[in-house]
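Quick caveat, the model's predicted, so the values are computed rather than measured.
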Protein chains: 2
Amino acid sequence: MKWSELNDNWCPVARTLSVVGDRWTLLILRDCFLGKTKFEEFAASGGMTRHILADRLKRLVEVGILERRAYSVSPKRYDYVLTAKGEELRPALTIMKEWGKKHLPIRRAALEG
Amino acid sequence: MKWSELNDNWCPVARTLSVVGDRWTLLILRDCFLGKTKFEEFAASGGMTRHILADRLKRLVEVGILERRAYSVSPKRYDYVLTAKGEELRPALTIMKEWGKKHLPIRRAALEG
DNA sequence: CCCTCGCGTTTCTTTCTGGAACTTTCGTTT
DNA sequence: AAACGAAAGTTCCAGAAAGAAACGCGAGGG
């Protein structure tokens with residue numbers, strides 16, 4: 001099965017993953033939950049390259065997790081805000097955060113005192 | 001940043017995703033939560049190709065989410081069972097299941113009567 | 001002795017990703 | 001007014017990863 005065929009899978013988990021199961025998409029959502037909205041903020045977050053970011057944002061908008069909203073007209077500028085649908089994914093990220101804190105401590109020394 | 005550098009990221013979500021944020025890994029975990037343990041069961045689940053499956057299982061064992069356990073000696077056979085650490089990811093999958101059921105209904109007709 | 005099962009591994013081709021520069025549309029500076 | 005800079009993408013190319021499908025291999029069975 002191809003990844004792209006997953007959206008019609010019988011399993012709701014698979015369908016969800018067809019939308020957010022991508023390498024970087026959940027990291028974009030994390031940034032959204034941290035309050036970021038602008039392309040340059042996501043880009044500066046140190047994650048993916050710009051064209052991957054653009055692609056993922058487009059897909060998140062298509063599926064209704066984010067909304068692309070003009071926040072300036074004269075220089076046309078858009079930002080991305082979570083919809084209610086997107087907000088409902090926050091608990092999943094929270095679980096991953098707790099799991100990571102518990103099971104994957106940072107190996108480098110003393111970054112967190 | 002490369003995906004492989006994510007495991008030392010400051011963010012616990014990013015570290016978790018460096019382990020399970022892969023396209024197919026969460027689908028393998030779903031199968032585990034449904035009680036599957038054997039290579040052929042995962043393979044028959046209709047997801048990834050065999051060499052991707054082999055690779056992901058290896059990584060899940062390395063990181064301690066699954067345990068590779070001999071269930072037969074004379075023909076050497078191994079299966080994969082969740083560890084306690086792996087079990088703790090189940091709530092995240094449950095959330096994704098509920099989210100998928102709510103927001104991504106199957107488009108094909110009448111599969112679920 | 002050849003077949004099959006379970007569990008992968010190899011090979012080859014196609015698609016995706018990483019990195020970095022480039023574009024476009026304005027607003028600001030000199 | 002010409003140059004500069006910021007925001008939000010796009011484009012190009014080399015290299016990495018994924019998909020398809022055949023192959024390997026050790027044990028048991030007919």
Side-chain angles (χ1 to χ4, degrees), chain A residues 1-9 14 17-28 31-32 35-62 65-82, chain B residues 1-9 14 17-29 31-32 35-63 66-81:
Chain A
M1 182 204 299
K2 281 210 182 75
W3 183 252
S4 54
E5 297 168 24
L6 224 50
N7 52 1
D8 272 329
N9 199 277
L17 289 174
S18 79
V19 170
V20 298
D22 171 78
R23 281 184 157 76
W24 299 112
T25 302
L26 286 166
L27 240 32
I28 294 177
D31 283 349
C32 291
K36 299 183 182 177
T37 61
K38 297 212 264 298
F39 189 95
E40 297 298 326
E41 287 177 329
F42 297 123
S45 173
M48 66 230 83
T49 58
R50 304 175 73 78
H51 77 290
I52 297 290
L53 173 58
D55 181 74
R56 297 304 184 273
L57 286 173
K58 186 147 57 79
R59 280 167 45 176
L60 285 169
V61 169
E62 278 167 8
I65 288 175
L66 296 182
E67 190 195 338
R68 188 166 182 263
R69 200 188 47 179
Y71 70 92
S72 158
V73 180
S74 69
K76 284 208 170 193
R77 293 290 148 76
Y78 299 91
D79 62 358
Y80 298 87
V81 293
L82 282 162
Chain B
M1 183 204 300
K2 279 208 183 77
W3 183 251
S4 55
E5 297 168 25
L6 224 50
N7 52 359
D8 272 329
N9 198 277
L17 290 174
S18 79
V19 170
V20 299
D22 172 77
R23 282 184 158 77
W24 299 112
T25 302
L26 285 167
L27 240 31
I28 294 176
L29 283 179
D31 284 347
C32 292
K36 300 184 182 176
T37 60
K38 298 212 262 302
F39 189 96
E40 295 299 325
E41 287 177 331
F42 297 123
S45 173
M48 65 230 82
T49 59
R50 304 175 73 78
H51 80 290
I52 298 291
L53 173 57
D55 181 74
R56 296 304 185 275
L57 287 173
K58 187 147 56 79
R59 280 166 46 175
L60 285 169
V61 169
E62 277 168 8
V63 81
L66 297 181
E67 190 194 339
R68 188 165 182 263
R69 200 187 48 177
Y71 70 92
S72 158
V73 181
S74 71
K76 285 208 171 191
R77 294 289 149 75
Y78 299 91
D79 62 358
Y80 299 87
V81 293

With R77(B) via salt bridge (Lys or Arg N to Asp or Glu O under 4.0 Å) - residues at least two apart: none
dG8(C) OP1/OP2 closer than 4.0 Å to side-chain N/O of R68(B): yes
Length of the line joining E41(A):CD and dG9(D):P, which is rounded to integer Å: 13 Å
Contact list for residues 53-62 of chain B, test side-chain hydrogen bond (donor to acceptor under 3.5 Å, both in side chains), sequence neighbours left out: D22(B)-R56(B)
Sugar-phosphate only, base, or nothing, as touched by Y71(A) at under 4.0 Å among non-hydrogen atoms: sugar-phosphate
Any side-chain heavy-atom pair of F39(A) and R50(A) under 4.5 Å: yes
Touch class at under 4.0 angstrom, heavy-atom based, for F42(B) against every strand present: nothing
Separation of dG19(D) C1' from L6(A) CG (nearest whole Å): 14 Å
Separation of dA8(D) P from Y78(A) OH (nearest whole Å): 11 Å
Could you list, one pair per line, each protein nitrogen or oxygen that sits under 3.5 Å from a nitrogen or oxygen of nucleotides 15-19 of chain C, together with the distance?
| from | atom 1 | to | atom 2 | distance (Å) |
| --- | --- | --- | --- | --- |
| dT17(C) | OP1 | R56(A) | NH2 | 2.8 |
| dT17(C) | OP1 | R23(B) | NH2 | 3.4 |
| dT17(C) | OP2 | R56(A) | NH2 | 3.3 |
| dG18(C) | OP2 | W24(A) | NE1 | 3.4 |

Worked verdict on V19(B) versus T25(B) for side chain to side chain contact (heavy atoms under 4.5 Å, CB included): CA-CA 8 Å; V19(B) 170; T25(B) 302; over 6 Å; no
Residue closer to the 5' end of DNA chain C, K38(B) versus V73(A) (nearest nucleotide): K38(B)
Protein-to-nucleotide contact annotation, 5' to 3' order, nucleotides 23-30 of chain D [B base; S sugar-phosphate only; - none; under 4.0 Å, heavy atom]: ---BSS--
Residues R69(B) and D79(B) bridged, charged N to O under 4.0 Å: yes
Atom pairs under 3.5 Å: protein N/O with N/O of nucleotides 1-4 of chain C:
none

Minimum side-chain heavy-atom gap W24(B)-I52(B) below 4.5 Å: yes
pair C32(B)-L66(B): side-chain heavy atoms closer than 4.5 Å: yes
Residue pair L17(A) / N9(A), side-chain heavy-atom distance below 4.5 Å: no
Residues that K76(B) engages under side chain to side chain contact (heavy atoms under 4.5 Å, CB included), provided they are two or more places apart: Y78(B)
Euclidean distance, atom CG of residue L53(A) to atom C1' of dT10(D) [Å, nearest integer]: 13 Å
Atom-to-atom span, NZ of K58(B) to P of dC7(C) - whole angstrom: 17 Å
Heavy-atom pair of closest approach, residues S45(A) and D31(A): OG-OD2, 2.9 Å
Flag side-chain contact, heavy atom, 4.5 Å: Y71(B) against K38(B): yes
side-chain N/O Y80(A) vs dA7(D) OP1/OP2, d < 4.0 Å: no
